Number of protein chains: 2
Amino acid sequence: MNIGEIARRAGVSRSTVSYALSGKRTVSDETRRRIQAIIDELDYRPNAAARALKEGRTRTLGLVIPPASLRLTDMQLGFVASVVEAAARADLDVLLSPSGGDHDRSFERVVTGRRVDGVILMEIRLEDTRVTRLQQAGLPFVTIGHTAHPHGTCWVDVDYATLIARCVHHLADLGHRHIALINRSPELVAAGYGPAQRALAGFTEAVTQRGLTGVDLCCGDDAAAGESCLEQLLDERPEITAIATLNEAALPGIERALERARICVPRDLSIAGVAARHWAEGFRPALTAADVPTEMGTHAVELLLERIATPDAPPRHLLLTPPISLRASTGPVPAR
Amino acid sequence: MNIGEIARRAGVSRSTVSYALSGKRTVSDETRRRIQAIIDELDYRPNAAARALKEGRTRTLGLVIPPASLRLTDMQLGFVASVVEAAARADLDVLLSPSGGDHDRSFERVVTGRRVDGVILMEIRLEDTRVTRLQQAGLPFVTIGHTAHPHGTCWVDVDYATLIARCVHHLADLGHRHIALINRSPELVAAGYGPAQRALAGFTEAVTQRGLTGVDLCCGDDAAAGESCLEQLLDERPEITAIATLNEAALPGIERALERARICVPRDLSIAGVAARHWAEGFRPALTAADVPTEMGTHAVELLLERIATPDAPPRHLLLTPPISLRASTGPVPAR
DNA sequence: TTGTATGCGTTATCAC
DNA sequence: GTGATAACGCATACAA
């Protein structure tokens with residue numbers, strides 16, 4: 001079914017059908033109705049490829065996700081979901097491209113084949129070849145998280161430094177003097193993963209500023225790692241009375257280790273952090289945490305649409321600092 | 001950059017460039033090399049829309065996912081990941097379409113706009129209007145899970161009935177006489193959600209066959225629901241010594257409730273189920289469970305590609321029955 | 001208010 | 001072994 005067939009059946013020219021659909025030219029009520037009736041009857045819809053070829057745009061956004069083999073965290077998943085939802089609201093489709101390594105067929109297809117009008121890149125590294133690739137291809141893009149050279153690009157990120165610092169200040173206000181940071185996995189930290197680096201920076205600064213004793217450790221992104229990490233911490237640093245963390249996937253393990261050690265939160269130990277709301281509320285007791293906003297994807301789509309509309313405008317950034325939701329996992333330092 | 005420009009620079013016609021790329025006609029080594037050099041230099045790649053228009057296929061698969069607002073379970077997420085990966089291996093892209101209700105713009109775009117060569121539909125209901133819609137549109141599709149009328153369609157599913165029955169038999173072999181089934185959420189069960197229905201059927205049959213006492217209950221798909229569900233179960237049915245479940249998201253809550261009640265698994269209570277390996281291994285002690293295969297997506301893509309190639313072949317089905325991995329959560333019935 | 005003609009970038013058919 | 005050309009389905013400038 002194509003526009004010519006509709007035109008034939010309605011006894012008009014193809015352009016009239018086209019204009020009746022787009023409304024870019026006035027079409028008499030009578031004609032429009034006749035055309036619409038036939039369109040409804042035959043369930044006609046313009047061929048996307050032909051339209052894309054003619055218009056030079058695909059009405060599709062590319063979303064570059066980490067390789068499928070890696071398990072996505074809840075935060076990442078929430079981000080994908082919100083991107084898809086925001087795109088759908090703007091009547092745009094989303095093309096998925098799993099990409100990690102430098103040489104990736106799917107990524108290259110999306111970038112070079114003009115399959116999308118713009119790209120959202122998630123889980124970028126501080127030095128990311130894909131960013132360079134997109135720049136040289138001249139394809140509009142927005143990154144979630146920022147590289148080491150954030151000035152020329154368009155991005156949206158969570159201000160982990162400030163958020164972790166706020167957690168430290170909150171804990172210090174409650175009288176805690178010995179605080180631990182449970183960071184992301186050693187691999188990520190070593191690879192120069194932005195959130196992990198910036199969280200550490202914020203932690204160090206706040207600890208120094210308040211004259212506290214701080215200890216930071218890396219912890220794999222899963223429950224088992226959280227459990228052993230906390231066991232080790234309790235064993236080696238018994239003076240610690242509070243924990244700050246951005247490792248949501250480790251939370252169930254942390255909870256398990258605490259329960260096993262008969263440590264009562266927040267009576268014996270306080271915990272605060274940055275996590276998707278789902279994880280914070282699933283923790284027992286509910287975790288005092290900055291809820292990573294689910295609208296990250298919405299913002300990314302907004303920025304990308306702006307960038308597509310005006311590619312030469314100076315790139316905009318969005319550094320989100322959601323408020324810390326006071327729940328039940330933080331309390332005054334225990335009297336010794 | 002387009003094929004004409006390449007042709008101009010190479011001093012050949014567009015068709016020669018096209019054939020040099022596709023290999024559908026012999027091109028002299030000399031010419032081919034010259035063309036390839038220019039293609040490499042300019043980083044040319046065929047325009048996807050033009051190719052789709054000409055060839056009548058898009059080299060893209062549609063993946064219809066539950067609405068983004070609903071949290072995807074780990075099993076669902078693993079499925080999305082494996083679909084994307086399998087498609088990438090076949091040099092195909094994946095277009096995401098969030099759809100739940102009957103009237104969905106994104107779904108309609110994908111179906112009617114010829115944006116994809118075929119569709120994978122996940123989380124279908126026993127009666128699903130989208131299936132009808134795809135059938136009348138004549139678009140090849142594969143469902144993950146099957147409807148009430150599975151004969152005419154192509155699908156891949158997990159045999160929940162058999163798997164839950166096997167769990168029951170395993171528990172009965174260990175001497176358990178009073179077994180509970182913790183099913184999916186009341187809403188899903190009420191809506192006629194296939195896996196929930198079939199799990200119950202398999203449970204009932206196995207329980208009857210072995211002359212056991214069975215009790216089945218619904219449980220929301222999250223930790224909190226699992227916790228309260230188990231508390232209620234322990235309270236009202238103290239005779240229960242074993243549990244079978246397919247509700248992986250409830251597992252952390254179940255674990256918490258057991259710990260709180262000082263019930264030791266598997267000494268006091270045995271648990272077996274169907275879950276993504278990630279959940280089974282995260283449980284303490286590790287859960288004896290049928291690991292839902294991550295290759296579900298791979299199979300779905302294979303079936304879909306077959307269907308696209310030969311749309312008139314009789315539809316194929318795939319009912320997977322992965323083996324139950326014996327871990328640490330099941331043991332002999334406690335002596336009273 | 002409507003119709004005609006053109007071109008988007010490919011691939012494929014036909015001619016040489 | 002290669003080149004000219006038509007066609008895919010649409011949107012739009014131009015003509016009436």
Side-chain angles (χ1 to χ4, degrees), chain A residues 1-36 38-39 42-60 91 93 109-117 137 139, chain B residues 1-36 38-39 42-60 91 93 109-117 137 139:
Chain A
M1 190 48 44
N2 60 36
I3 203 172
E5 179 66 15
I6 305 291
R8 200 183 59 72
R9 299 206 189 198
V12 296
S13 74
R14 294 184 324 211
S15 57
T16 302
V17 175
S18 179
Y19 285 118
L21 249 59
S22 70
K24 292 187 179 173
R25 181 162 101 171
T26 47
V27 173
S28 74
D29 268 11
E30 156 65 15
T31 316
R32 192 208 320 286
R33 255 193 295 276
R34 202 168 63 244
I35 291 173
Q36 192 58 52
I38 293 174
I39 284 178
L42 299 188
D43 194 26
Y44 163 78
R45 201 163 308 232
N47 178 306
R51 174 185 286 201
L53 179 58
K54 178 64 184 165
E55 291 192 326
R57 64 188 186 121
T58 59
R59 298 165 189 263
T60 305
D91 279 334
D93 290 314
R109 250 199 325 268
V110 165
V111 173
T112 321
R114 307 228 162 278
R115 288 183 78 29
V116 298
D117 297 333
L139 195 60
Chain B
M1 189 46 44
N2 60 37
I3 203 171
E5 179 66 14
I6 305 290
R8 199 184 59 73
R9 299 206 190 199
V12 296
S13 73
R14 291 179 316 192
S15 49
T16 302
V17 176
S18 179
Y19 283 119
L21 249 62
S22 70
K24 292 186 182 175
R25 181 163 102 173
T26 46
V27 173
S28 75
D29 267 12
E30 156 65 15
T31 318
R32 191 207 322 286
R33 255 193 295 275
R34 202 169 63 243
I35 291 172
Q36 192 57 53
I38 294 174
I39 285 179
L42 299 188
D43 193 27
Y44 162 78
R45 201 164 306 235
N47 179 305
R51 176 185 285 204
L53 179 57
K54 179 62 186 168
E55 292 193 326
R57 64 188 185 123
T58 59
R59 298 164 190 264
T60 305
D91 280 334
D93 290 314
R109 253 200 320 272
V110 165
V111 172
T112 320
R114 307 220 164 282
R115 288 184 76 30
V116 298
D117 297 335
L139 194 60

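Note that this is a predicted model, so its numbers are computed, not measured. We name chains A, B, ... by the order of the sequence lines, and we start the count at 1 in each one.
The nearest whole Å value for the distance from the CZ atom in B:R14 to the C1' atom in C:dG9 is 8 Å. Protein atom CZ of A:R114 is 10 Å distant from nucleotide atom P of C:dT10, rounded to whole Å. Rounded to an integer number of Å, the gap from CD1 of A:I3 to P of C:dG7 is 19 Å. Atoms NZ (A:K54) and C1' (C:dG7) sit 5 Å apart, rounded to a whole Å. Following rounding to the nearest Å, B:N2 (CG) and C:dC8 (P) show an atom-to-atom distance of 8 Å. The distance between atom CG of B:N47 and atom C1' of C:dG9, rounded to the nearest whole Å, is 6 Å. In this structure, B:L53 atom CG and C:dG7 atom C1' are separated by 12 Å, rounded to whole Å.
Judged purely by atom type and a 3.5 angstrom limit, A:R32 uses its side chain to pair as donor or acceptor with the backbone of A:V27. The backbone N or O of B:A7 sits nowhere less than 3.5 Å from a side-chain atom of B:R14 that would complete a donor-acceptor pair.
In terms of the salt bridge (Lys or Arg N to Asp or Glu O under 4.0 Å) criterion, residue partners of B:R9 (sequence neighbours excluded) are, by chain and number, B:E5. Listed by chain and number, the residues in a side-chain hydrogen bond (donor to acceptor under 3.5 Å, both in side chains) with A:R59 are A:E55 (sequence neighbours excluded). With sequence neighbours left out, B:Q36 forms a side-chain hydrogen bond (donor to acceptor under 3.5 Å, both in side chains) with B:D40. With sequence neighbours excluded, the residues satisfying side-chain hydrogen bond (donor to acceptor under 3.5 Å, both in side chains) with A:D117 are A:T58. For A:R115, the salt bridge (Lys or Arg N to Asp or Glu O under 4.0 Å) criterion is met by B:D93, not counting sequence neighbours. Under the salt bridge (Lys or Arg N to Asp or Glu O under 4.0 Å) criterion, A:R33 pairs with no residue at all, not counting sequence neighbours.
In this model, the phosphate group of C:dT11 is approached by a side-chain N or O of B:R51 to a distance below 4.0 Å at OP1 or OP2. The shortest distance between the side-chain N/O atoms of A:T26 and the OP1/OP2 oxygens of C:dT1 is below 4.0 Å. Remark: A:T16 is not in phosphate contact with C:dT2, judged by side-chain N or O atoms under 4.0 Å from OP1 or OP2.
Where A:K24 and B:A50 meet DNA chain D, the nucleotide closest to each residue was compared, and B:A50 sits on the side nearer the 5' end.
Backbone-only contact: A:T31 has heavy atoms under 4.0 Å from sugar-phosphate atoms and none from a base. A:S28 comes within 4.0 angstrom of sugar-phosphate atoms only, judged by non-hydrogen atoms across all strands, and of no base. Counting any heavy atom pair closer than 4.0 Å across all strands shown, A:G113 reaches no nucleic acid atom.
A:L139 and A:V116 get closest at one heavy-atom pair: CD1-O, 3.8 Å.
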Give me, pair by pair, the N or O atoms of the protein and of nucleotides 13-16 of chain C that are less than 3.5 Å apart, along with how far apart they are.
from	atom 1	to	atom 2	distance (Å)
C:dC14	N4	B:R25	NH1	3.4

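Identified under the side chain to side chain donor-acceptor pair (under 3.5 Å) test for residues 43-54 of chain A, with sequence neighbours left out: A:D43-B:R133. Sorted by first and then second residue, the pairs that involve residues 17-29 of chain A and meet side chain to side chain donor-acceptor pair (under 3.5 Å), not counting sequence neighbours, are A:S28-A:T31.
Chain A approaches DNA chain D over the interval D:dG9 to D:dC14, counting the first and last nucleotide 5' to 3' with an atom under 4.0 Å from its heavy atoms.
Looking only at side-chain heavy atoms (C-beta outward), B:R109 and A:D91 come within less than 4.5 Å of each other.
An end-to-end axis angle of 40° holds for the helix from C:dT1-D:dA16 to C:dC16-D:dG1, taken from five base pairs per end and rounded to 10°.
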